[in-house]
Amino acid sequence: MDMRKLLCFGSLNIDYTYTVPHFVTPGETLPAEGMQVFSGGKGLNQSVALARAGLDVSLAGAIGEDGRFLLEQLRAAGVDTRHVSVLSQVRTGHAIIQNDPSGDNCILVYGGANHCTTREQADRALADFSPGDMLVVQNEINDLDYILRAADAAGLAIAMTPAPMTDAVRRLPLDCVDYLFLNEIEGGQLLNGEIDPEEEPIRAARELRRRYGPGAVILTLGEQGAVYADGREECRQAAIPAQAVDTTGAGDTFMGYFLAGCFEEMSVREAMVYASQAAAIAITRHGASPAIPTRDEVRAAMAQ
Ligand code: RIB
């Protein structure tokens, strides 16, 4: 791939992460064992992953005044924040995250300012990018249809994580997406059925391509690894074993490092290993964006 700059247009969240003995069940009141506040949001996490992987990335999105500290953390990670709007009278998006003893999570997201981006903002941000650059989006902001079509018309390559999954995703122009990243739950929702990670997830990736038309589908399967299918090449990558304490943001880390591998002209197989190694490090640490490793950390782990 010959691409120069990335525009990540996505969410910035304040993550409230609660350590719980198990996920709360309907009707239950569950005392949390601990609580921490992290920077998160799929847009913020992915732009941090791309920057820590050594890429030139700019984040566009919106926060309220209460989210200004997120900008400091983004800048410290090397992300350009000039296209993040700070809005008055609206709260920054946030997530309530339960983190169980196995490191697993479940997440409730409140959109807040993430749903207040404007078309003018999208036009302004896209004007800074040229054909061959890449747009990276998720499904936590408003007006995705407009952003996708505008980026496609401007000749940008597009990577998308359609999470959290909603009915609206089916109506998006997914055929203009070059890299579609989903986990098995989201893939199953798009296929109207479950994907069993034990049973040929490659078939599901192929079927997602056939029905929705993206260039490549990358299906992440948690402990079962990930699969890739682009119509010519297919491969499966096992997860790299690690002691998970918090899996929040592992998919965002995987995505950032997979794209970085492609930028560095790794083969698909090499990029899958690179991404898996980065995700394996991220899950051994707490929080979403604070857990994302640097390029040097990932390369050092791979050299071992
Ligand atoms: O992908 C993980 C992220 O999902 C969290 O940081 C949370 O904010 C939600 O957006």
Side-chain angles (χ1 to χ4, degrees), residues 8-20 23 35-53 57 59-64 66-67 69-71 73-74 77 79 84 91-100 103-117 136-142 144 159-166 169 180-187 189 218-222 226 244-259 275 278-293:
C8 186
F9 209 129
S11 56
L12 300 90
N13 286 340
I14 302 172
D15 284 357
Y16 298 97
T17 300
Y18 298 85
T19 308
V20 292
F23 296 149
M35 195 279 274
Q36 283 177 286
V37 181
F38 297 111
S39 51
K42 294 181 199 302
L44 182 151
N45 297 341
Q46 293 187 0
S47 54
V48 168
L50 292 160
R52 291 206 176 129
V57 56
L59 175 62
I63 54 174
D66 57 335
F69 72 97
L70 300 175
L71 298 180
Q73 298 193 5
L74 282 159
V79 177
V84 178
R91 291 181 67 130
T92 301
H94 71 254
I96 306 287
I97 302 178
Q98 297 179 54
N99 178 212
D100 80 2
D104 215 347
N105 65 67
C106 63
I107 304 180
L108 176 69
V109 187
Y110 171 72
N114 293 315
H115 290 171
C116 301
T117 69
V136 175
V137 289
Q138 315 78 29
N139 190 30
E140 289 186 332
I141 57 169
N142 60 305
L144 262 184
M160 178 173 187
T161 307
M165 185 57 63
T166 57
V169 169
L180 186 69
F181 293 84
L182 325 90
N183 67 23
E184 75 269 35
I185 297 170
E186 293 141 9
Q189 286 168 322
I218 301 97
L219 199 55
T220 56
L221 309 162
V245 299
D246 184 355
T247 55
T248 312
D252 300 327
T253 305
F254 184 97
M255 193 239 46
Y257 273 86
F258 179 85
L259 291 179
I281 296 172
I283 65 174
T284 64
R285 301 169 176 174
H286 289 280
S289 71
I292 299 169

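One-based numbering, in listed order, for ligands and for the atoms of each. If you're wondering where the values come from, they're calculated on a predicted model, not measured in any experiment. Atoms considered below: every heavy atom in the structure, side chains included; atoms not considered: hydrogens, waters and symmetry mates.
Proximity to Ala95 (heavy-atom distance under 4.0 Å) selects the following atoms of ligand 1: 7 (C), 8 (O). Remark: ligand 1 atoms within the under-4.0 Å shell around heavy atoms of Gly40 are 6 (O), 8 (O). Listed by number with element, the atoms of ligand 1 under 4.0 angstrom from any heavy atom of Ala288 are 6 (O).
The distance criterion of under 3.5 Å between nitrogen or oxygen atoms is met by Asn13 with respect to ligand 1.
The shell of residues lying under 4.0 angstrom from ligand 1, judged by heavy atoms, includes Gly41.
Asp246 and Thr248 share a side-chain donor-acceptor pair at under 3.5 Å. No side-chain donor from either of Gln36 and Thr17 sits under 3.5 Å from a side-chain acceptor of the other. A side-chain donor-acceptor contact under 3.5 Å links Thr161 and Gln46. There is no side-chain donor-acceptor pair under 3.5 Å between Thr19 and Asn99.
From the protein, the heavy atom lying nearest to atom 4 (O) of ligand 1 is Lys42 NZ, 3.1 Å. The protein non-hydrogen atom at the shortest distance from atom 8 (O) of ligand 1 is Asp15 OD1, 2.6 Å. The protein atom (non-hydrogen) at minimum distance from atom 9 (C) of ligand 1 is Glu140 OE2, 3.5 Å. Counting only heavy atoms of the protein, atom 3 (C) of ligand 1 lies nearest to Asn45 ND2, 3.6 Å. Nearest protein neighbour of atom 2 (C) of ligand 1, counting heavy atoms only, is Asp252 OD2, 3.5 Å.
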Walk me through whether Thr92 and Asp66 qualify under side chain to side chain donor-acceptor pair (under 3.5 Å). CA-CA 6 Å; Thr92 301; Asp66 57 335; 2.6 Å; yes
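Residues that satisfy the salt bridge (Lys or Arg N to Asp or Glu O under 4.0 Å) test with Arg285, not counting sequence neighbours, are Glu297.
A distance-only check finds a donor-acceptor pair linking the side chain of Asn139 to the backbone of Pro164 [under 3.5 Å].
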